[in-house]
Amino acid sequence: MNRVTTNEAVDSVADSEVATRISAYVETKAKAAVAHDTDLAEAGILTSMVAMEMVVFLESAFEISIIGRDLKMDNFRTVNTMAALVTRLRETAADA
Amino acid sequence: MTQQVTVFGAGVMGTGIATLMIAHGIPVTLVDIDPAVLARGRVSVDRQLRHAQLLGAVPEGVVPGELVTSASVADCVGSLAVIEAVSEHAEQKDKLLREVSGLVAPGTVLISNTSGIPIDELAASVQRPDELVGIHFMNPPYLITMVEVARGPRTSDRTMESVQSLLGLVNRRGIVVRDAPGFVTSRLLHPMINNAARLVGEGVATVEEVDALMTGCLGHPTGPLRTADLIGLDNLADALVALSQRLGNTEYLPCEYLLDKVRAGRLGRKSGSGFYDYEG
């Protein structure tokens with residue numbers, strides 16, 4: 001039980017670090033502060049080009065590959081959805 | 001004859017067209033004489049294919065076609081169609097089309113992705129002028145679903161049918177226009193961009209203001225100057241010179257503000273800056 005709690009805490013810290021790094025990158029694109037749950041498409045930040053730049057950034061910053069069904073705009077709509085994607089892909093890679 | 005298509009020129013348009021074909025399951029041989037350009041082209045096609053997938057522009061359940069790169073013009077033999085997307089210079093297109101025309105079997109459709117050189121001018125270089133047709137793909141070809149088809153006076157009905165079949169395979173709609181310098185899209189768009197640049201040069205408005213007015217007031221999806229950056233300012237200046245020469249009208253000549261950008265190497269998105277600055 002303790003072990004699970006510790007892991008959750010670690011995951012939470014890691015997730016928040018992931019989100020912070022993503023948010024810092026998004027803010028360079030937006031040239032403004034961006035909340036983690038802001039819909040980047042509605043805010044006019046997530047153009048088709050920026051979405052592709054985000055893919056390249058996430059892959060290189062977190063050493064993951066975003067392929068197949070994960071390569072869809074919905075995964076890039078907020079900082080939180082991108083952080084969730086990164087976390088999931090890292091877990092999948094660690095399990096493999 | 002296989003369902004494979006050969007694309008000549010691994011630049012912006014050549015790689016974009018190759019991506020469109022591959023995304024729809026059609027194998028492509030991408031040919032360029034410059035090995036460095038070819039190597040970059042392969043990377044570019046991979047990136048663009050992912051871009052298309054990200055934006056939902058790849059049909060579900062289709063296995064992407066294979067991409068083969070080559071430095072040999074002769075590798076076009078056996079293709080369903082040959083698409084040339086080399087630089088927008090008539091001499092280069094003439095030279096390539098002459099060579100390809102001597103290699104491929106009768107019945108192979110020859111497509112020029114010219115943005116405005118009259119097809120009948122290019123037809124003078126090929127052995128079977130009835131098999132030559134223009135398809136003006138828009139950039140990026142894998143995202144824009146309409147193309148401008150230029151039918152030369154000698155282009156046959158059979159060639160037009162083949163073009164419609166090919167466009168059907170890649171889910172594109174073609175609007176067929178009569179052969180003329182700049183066809184429709186370039187004849188309208190290029191002078192507009194030139195005038196937009198002229199306005200900025202004269203200090204009437206900034207780059208951002210011109211684009212904001214054209215998008216906000218006139219409903220353009222992107223402004224003319226951002227579009228220019230996507231086309232490439234060197235290509236645009238060349239195309240304007242060609243339009244001016246063919247139409248015998250100096251008003252089409254590129255304005256100084258546009259030429260200054262080209263001379264400074266600010267060629268648009270592909271060089272990292274043009275009317276706007278780009279990262280990555």
Side-chain angles (χ1 to χ4, degrees), chain A residues 18 21-34 38-90 92-93, chain B residues 12 15-16 19-20 22-23 25 40 43-64 138-145 208 211-212 215-216 219-223 225-232 268-280:
Chain A
V18 167
R21 282 181 71 187
I22 294 171
S23 141
Y25 183 79
V26 170
E27 286 174 0
T28 63
K29 296 285 160 197
K31 298 184 176 63
V34 171
T38 296
D39 187 314
L40 301 174
E42 281 180 12
I45 299 163
L46 192 69
T47 62
S48 65
M49 276 300 169
V50 167
M52 196 59 206
E53 287 167 8
M54 291 303 311
V55 172
V56 174
F57 164 74
L58 295 180
E59 288 190 331
S60 106
F62 301 106
E63 295 179 340
I64 53 171
S65 291
I66 306 171
I67 54 171
R69 292 184 183 279
D70 288 328
L71 212 47
K72 60 179 179 188
M73 286 294 263
D74 278 352
N75 280 335
F76 301 86
R77 285 186 82 96
T78 70
V79 169
N80 282 338
T81 57
M82 286 188 266
L85 175 69
V86 168
T87 305
R88 178 165 60 76
L89 291 176
R90 280 173 142 188
T92 310
Chain B
V12 173
T15 57
T19 302
L20 169 67
I22 285 167
R40 283 201 301 274
V43 173
S44 180
V45 170
D46 287 345
R47 182 176 48 76
Q48 292 178 141
L49 191 57
R50 302 181 72 207
H51 193 203
Q53 195 178 354
L54 177 67
L55 299 174
V58 173
E60 291 263 332
V62 172
V63 178
M138 303 295 139
N139 185 18
Y142 56 90
L143 294 183
I144 299 182
T145 56
E208 290 80 4
D211 278 353
T215 52
H220 286 223
T222 54
L225 298 171
R226 198 171 281 285
T227 303
D229 276 355
L230 204 54
I231 293 171
R269 179 171 271 283
K270 64 184 174 185
S271 72
S273 69
F275 290 110
Y276 294 89
D277 290 323
Y278 302 91
E279 296 169 36

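Residue numbers begin at 1 in each chain, while the letters A, B, ... track the order of the sequences.
Interface remark: A:Phe57 contributes no atoms to any contact with chain B (heavy atom separation under 4.5 Å). Looking at B:Glu60, only its side chain comes within 4.5 Å of chain A, counting heavy atoms on both sides. Only the side chain of A:Val55 comes within contact range of chain B, judged by heavy atoms closer than 4.5 Å.
Atom CG of B:Leu54 and atom NZ of A:Lys72 lie 11.0 Å apart (nearest 0.5 Å). Atoms CG and CE, from B:Leu55 and A:Met49 in turn, are 9.0 Å apart once rounded to the nearest 0.5 Å.
Summarising the local packing, CD1 of B:Ile144 is surrounded by more than 12 heavy atoms from other residues, nucleotides or ligands at distances under 6.0 Å. In the displayed structure, A:Glu63 atom CD is contacted under 6.0 Å by at most 12 heavy atoms of other residues, nucleotides or ligands.
Judged purely by atom type and a 3.5 angstrom limit, B:Arg50 uses its side chain to pair as donor or acceptor with the backbone of A:Ile66. B:His51 places a side-chain N or O within 3.5 Å of a backbone atom of A:Ser48 that can act as its donor or acceptor partner.
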